[in-house]
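Below is one structure; the comments refer to it alone.
In what follows, every heavy atom counts, from backbone to side chain, and hydrogens, waters and symmetry copies are set aside.
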Amino acid sequence: MVGLKPCEVPPTAAVKFLSAGTAACIADLCTFPLDTAKVRLQIQGEVRIPRSSSTLEYRGVVGTLSTMVRTEGPGSLYRGLVAGLQRQMSFASIRIGLYDSVKQLYTPKGAESTGLWVRLLAGSTTGAVAVACAQPTDVVKVRFQAHGAMPESGRRYRGTVAAYRTIAREEGVRGLWRGTLPNIARNAIINCGELVTYDLIKDALLRAQLMTDNVPCHFVAAFGAGFCATVVASPVDVVKTRYMNAGPGQYRNVLSCILALIMQDGVSGFYKGFVPSFLRLGSWNVVMFISYEQLQRAAALARS
């Protein structure tokens, strides 16, 4: 990332890799209930939740969270957290921690600054590679978050390890990579929306001397990155969530999932759960980038 002073020793790729994974886990611990609410709102109308006088339809972020706590208990807000943390350690470490290294790889020798297209290409590359490595953890996380809406007798998985085994046994190894293509598209877009926007905003603030390279600057850049990422990635995120959560044979392919969504909810269906998506991505980016910057600096101080 931009902002290091000339006298400072840049963190190594290994430090960035570990710092990114750790920072992403910290952010997940803080924002996981919002992510669960987002998943529930995105699949609403698809998952058959038994209707009764005590079961309410999810309405808004606060309504979704309160309904989950009332009907399933507080633990439902963190269902799938183990898979979520596994995902971040393997996923964020690659897409965020290797971003600077890939960006330098794509930057022409002798160039005074890194162009926008180089940043976008680097963000797309690390986002796609990260998905290819961490897709099974994402599938299990989404299944746990979604299946909490079902009665106890209808839940297929009793634990994280059991979920990996059950999916592989019932759906084949390909089941663990269900939704890889929409997830690659989503995370390439999100990675560009997050990392490139953060990079550009932070760079602009520092060059204009509006802020110094500290927490307030990181906060502003991260908040802007979260908003941009939500706007551009929400349609792909909805399709990814529905496709990952689908049972065998429910959708023939990603295109049939998209068509079913349009037929059922119209174009607005692509922005289902937008508010919790933004609240989650915005807060997640703020916590993650601030933690990421501070962890890198702590590692630099430890080495000096």
Side-chain angles (χ1 to χ4, degrees), residues 1-4 10-32 35 83-107 114 116 118-135 137-138 141 183-203 213 215 217-230 232-233 236-237 240 277 280-300:
M1 300 294 174
V2 297
L4 284 173
T12 63
V15 168
K16 292 180 180 180
F17 187 88
L18 294 174
S19 297
T22 304
C25 286
I26 294 171
D28 247 28
L29 286 170
C30 296
T31 64
F32 203 79
D35 189 40
L85 295 179
Q86 291 172 350
R87 173 180 180 269
Q88 293 300 351
M89 281 306 299
S90 56
F91 180 69
S93 297
I94 296 173
R95 77 178 185 91
I96 298 171
L98 299 184
Y99 169 74
D100 283 333
S101 298
V102 175
K103 184 174 68 174
Q104 292 173 5
L105 181 65
Y106 288 152
T107 302
T114 304
L116 174 60
V118 170
R119 299 179 201 235
L120 290 173
L121 184 58
S124 300
T125 300
T126 58
V129 172
V131 170
C133 297
Q135 181 70 3
T137 62
D138 206 7
K141 178 184 78 74
N183 210 15
I184 285 178
R186 170 188 180 268
N187 284 288
I189 293 170
I190 281 188
N191 222 34
C192 291
E194 286 180 349
L195 293 175
V196 176
T197 303
Y198 180 84
D199 224 8
L200 292 172
I201 293 176
K202 182 181 173 183
D203 195 14
D213 189 12
V215 173
C217 175
H218 305 157
F219 178 90
V220 172
F223 188 83
F227 180 76
C228 290
T230 307
V232 299
V236 185
D237 191 29
K240 179 217 76 165
S277 289
R280 193 261 173 178
L281 264 181
S283 56
W284 190 92
N285 272 271
V286 168
V287 176
M288 194 285 297
F289 277 115
I290 290 177
S291 300
Y292 181 45
E293 298 274 12
Q294 296 306 311
L295 285 170
Q296 289 184 89
R297 294 185 180 191

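Among residues two or more places apart in sequence or in another chain, the side chain to side chain contact (heavy atoms under 4.5 Å, CB included) test is passed with Ala23 by Met288, Ser291, Tyr292, Leu295. Remark: Asp28 engages Arg280 in a salt bridge (charged side-chain N to carboxylate O under 4.0 Å, His left out) (not counting sequence neighbours). For Ser93, there are no side chain to side chain donor-acceptor pair (under 3.5 Å) partners, not counting sequence neighbours. Here Thr114 pairs with Lys103, Thr107, Val118, Arg119 under the side chain to side chain contact (heavy atoms under 4.5 Å, CB included) rule; sequence neighbours left out. When the side chain to side chain donor-acceptor pair (under 3.5 Å) test is applied to Thr125, the partners found at least two apart in sequence or on another chain are Tyr106. Listed by chain and residue number, Ala24, Gln88, Ile96 satisfy the side chain to side chain contact (heavy atoms under 4.5 Å, CB included) test with Ala92 (two or more places apart in sequence, or in another chain). Phe32 is linked by a ring-ring contact (aromatic ring centres under 6.0 Å, His included) to nothing, counting only residues two or more places apart in sequence or in another chain. Applying the ring-ring contact (aromatic ring centres under 6.0 Å, His included) criterion to Phe227, with sequence neighbours excluded, gives Phe278. For Val15, the side chain to side chain contact (heavy atoms under 4.5 Å, CB included) criterion is met by Pro11, Thr12, Ser19, Ala299, not counting sequence neighbours.
Asn285 contributes a side-chain N or O that, together with a main-chain N or O of Leu281, makes up a donor-acceptor pair within less than 3.5 Å.
Within a 6.0 Å sphere centred on CZ of Phe223, other residues, nucleotides and ligands contribute 12 heavy atoms or fewer.
Sorted by first and then second residue, the pairs that involve residues 86-99 and meet salt bridge (charged side-chain N to carboxylate O under 4.0 Å, His left out), not counting sequence neighbours, are Arg87-Asp138, Arg95-Glu194.
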